[in-house]
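As the structure lists them, so they are numbered: ligands from 1, and atoms in each ligand from 1.
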Amino acid sequence: MRVLITGGAGFIGSHLTDLMLHHGHTVLAMDNLITGSMENLAHLDGHERFAFIRHDVTEPIHVSGPLDAILHLASLPSPVDYLQMPIQTLKVGSLGVYHALGLARAKGARFLLASTSEVYGDPLVHPQPETYWGNVNPIGPRGVYDESKRFGEALTMAYQRTHDLPTRIARIFNTYGPRMRMQDGRVVPNFVGQALRGEPLTVYDDGSRTRSFCYVSDLVEGLYRLLLSDEVLPVNLGNPREITILELARLVIRLAGSSSEVSLVSPKDTRTEDDPQTRQPDITRARELLRWEPEVALEQGLLRTIAYFQQRAASAG
Ligand code: UDP
């Protein structure tokens with residue numbers, strides 16, 4: 001296949017690029033580099049089946065030649081980013097999807113939307129199956145991300161129903177691993193960076209909120225299987241092992257061999273407004289439809305992530 005990956009210089013996009021190249025496909029990676037980085041693709045310099053296109057998907061997308069698939073990952077998924085860039089977040093989640101779908105239609109390409117567990121908002125059903133419609137505050141600080149992703153899903157289904165476009169929707173739950181930005185603001189890079197620097201780990205409020213963390217290699221395997229499947233309805237992809245943020249902080253300190261302490265802090269800004277209390281994917285559909293299941297244990301994935309950040313800190317001097 002010749003595939004376009006938007007957000008290809010990002011954390012998940014670059015790992016997906018590697019996986020597609022590994023399977024023998026040709027990859028065009030597109031990114032405006034607002035949050036993505038060429039360092040994530042540096043190892044592909046000179047690769048004969050790889051090319052990079054710098055472009056902002058909120059503008060119409062033009063690609064020459066045939067395309068078999070478009071994997072639309074361009075997004076601003078860190079709460080810190082979308083609180084700082086709310087309008088860009090809404091544009092990429094709406095106009096970006098519209099342009100990518102238009103291109104898929106023009107090329108007769110398969111389309112995969114990277115959606116999110118944030119469509120469930122602060123969930124009232126636990127764990128979350130795909131049939132749950134969610135509990136989202138449209139006008140809260142997270143609304144810019146959540147509602148644009150919900151719009152993206154609606155638009156994707158409209159193209160599927162109206163134009164019979166072969167579309168796929170992945171609802172991605174918290175994912176972590178190498179190539180996350182140290183300054184990303186999300187909990188895993190924050191905690192790993194703090195633990196390695198010997199600083200207190202900033203656990204927000206009382207640390208009782210829960211999340212379920214999926215290692216990136218498992219996640220991209222799920223995306224690949226979903227792309228190859230015939231499933232047009234949304235599929236949750238994530239690791240069902242649920243943990244409180246306080247437990248996560250203690251685990252990171254132990255695995256990093258750090259002397260850091262845990263510090264309970266209540267951010268004064270909107271960072272924790274509408275912050276979901278719990279989150280855990282119900283992956284029954286992914287298991288049955290894709291024969292997919294995460295394989296990397298949290299401890300194992302965190303050790304690899306810690307090693308990555310250690311190496312980055314060392315090479316930065
Ligand atoms: N969090 C925290 N300390 C941090 C960063 C995040 O306690 O330094 C909490 C945050 O309030 C949320 C959870 O960790 O409850 C996961 O946050 P993240 O930003 O990684 O992703 P989210 O799942 O909220 O999109």
Side-chain angles (χ1 to χ4, degrees), residues 10-12 35 75-86 89 93 114-123 126-128 134-137 140-150 171-177 179-216 219 236-253 256 258 260-281 298 301-302 305-306 309:
F11 160 53
I12 297 178
T35 57
S75 185
L76 294 168
S78 165
V80 171
D81 288 334
Y82 58 75
L83 297 175
Q84 276 169 5
M85 295 181 268
T89 301
S115 186
T116 171
S117 55
E118 285 281 337
V119 300
Y120 302 122
D122 191 1
H126 194 77
Q128 296 79 55
N135 177 39
V136 173
N137 173 7
R142 284 181 178 252
V144 298
Y145 185 69
D146 302 8
E147 294 297 2
S148 70
K149 288 289 187 179
R150 290 167 68 97
R171 289 190 179 149
I172 302 175
F173 284 65
N174 293 67
T175 301
Y176 71 100
R179 300 187 195 157
M180 289 185 101
R181 292 169 304 159
M182 187 76 103
Q183 308 305 332
D184 180 272
R186 281 182 286 186
V187 69
V188 170
N190 268 14
F191 284 0
V192 171
Q194 289 162 342
L196 292 177
R197 292 189 299 270
E199 296 168 3
L201 272 65
T202 53
V203 171
Y204 299 156
D205 300 327
D206 64 358
S208 65
R209 294 191 186 98
T210 69
R211 294 292 188 271
S212 310
F213 295 93
C214 186
Y215 190 67
V216 65
L219 195 277
N236 286 340
L237 293 177
N239 190 318
R241 175 170 163 199
E242 188 182 12
I243 181 172
T244 69
I245 298 303
L246 184 58
E247 285 169 329
L248 177 73
R250 295 198 172 122
L251 182 59
V252 168
I253 290 173
S258 167
S260 288
E261 289 175 357
V262 167
S263 162
L264 301 183
V265 295
S266 292
K268 301 274 178 284
D269 55 22
T270 54
R271 238 177 301 173
T272 50
E273 205 175 311
D274 298 334
D275 191 357
Q277 291 301 319
T278 56
R279 184 181 292 155
Q280 183 190 30
L298 183 59
L302 283 174
T305 309
I306 291 165
F309 280 117

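Open room surrounds CD on E261; 12 or fewer heavy atoms of other groups in view lie less than 6.0 Å from it.
Counting only heavy atoms of the protein, atom 19 (O) of ligand 1 lies nearest to P79 CG, 3.5 Å. The nearest protein atom to atom 3 (N) of ligand 1, hydrogens excluded, is given as T202 O, 2.6 Å; this is a heavy-atom distance. Of all protein heavy atoms, the one closest to atom 16 (C) of ligand 1 is R211 NE, 3.7 Å.
A salt bridge links E118 and R142; the closest N-O separation between the charged side-chain nitrogens and carboxylate oxygens is under 4.0 Å. Salt bridge annotation for R271-D205: absent, with no cationic side-chain nitrogen under 4.0 angstrom from a carboxylate oxygen. One finds no salt bridge joining R209 and D122 here, because no Lys/Arg side-chain nitrogen approaches an Asp/Glu carboxylate oxygen to under 4.0 Å.
Residue contacts with ligand 1 for I245 involve side-chain atoms from C-beta outward but no N, CA, C or O (heavy atoms, distance under 4.0 Å). Within the 4.0 Å heavy-atom criterion, neither part of R271 lies near ligand 1. The backbone and the side chain of R186 each have at least one atom closer than 4.0 Å to an atom of ligand 1 (non-hydrogen atoms only).
Inclusion of V188 in the set of residues having an N or O under 3.5 Å from an N or O of ligand 1 is not warranted. At a 3.5 angstrom cut-off on N or O pairs, Y82 does not count as close to ligand 1. The N/O atoms of D275, backbone and side chain alike, include one that comes under 3.5 Å of an N/O atom in ligand 1.
In the vicinity of E118, heavy-atom distances shorter than 4.0 Å reach the ligand 1 atoms 25 (O). Every atom of ligand 1 with a heavy atom of N190 under 4.0 Å away is listed here by number and element: 4 (C), 5 (C), 8 (O). Near R142, with a cut-off below 4.0 Å to any heavy atom, the atoms of ligand 1 are 24 (O), 25 (O). Residue N174 has at least one heavy-atom neighbour below 4.0 Å for each of these atoms of ligand 1: 21 (O), 22 (P), 23 (O). The V203 neighbourhood of ligand 1 comprises atoms 7 (O), with distances under 4.0 Å to a heavy atom of that residue.
For S260 and E199, the side-chain atoms include no donor-acceptor pair closer than 3.5 Å. In summary, the side chains of H126 and E242 do present a donor paired with an acceptor at a separation below 3.5 Å, with no hydrogens or angles considered.
Side chain of R150 to main chain of V119: a donor-acceptor pair is present (N/O by atom type, distance under 3.5 Å, no hydrogens or angles). No donor-acceptor pair under 3.5 Å is formed between the side chain of T244 and the backbone N or O of T210. K149 places a side-chain N or O within 3.5 Å of a backbone atom of A114 that can act as its donor or acceptor partner.
Selection from Y145, Y204, F191, F173 by nearest heavy atom to atom 6 (C) of ligand 1 gives Y204. With V187, L248, V265 as candidates, the residue nearest to atom 20 (O) of ligand 1 on a non-hydrogen basis is V187.
Ring geometry for Y176 against F213 counts as perpendicular: the plane angle is over 60°, on a 0 to 90° scale with 30° as the lower cut.
Ligand 1 is approached by R279 to a heavy-atom distance shorter than 4.0 Å.
Of the inter-residue distances, the one linking M180 atom CE with R186 atom CZ reads 4.0 Å to the nearest 0.5 angstrom.
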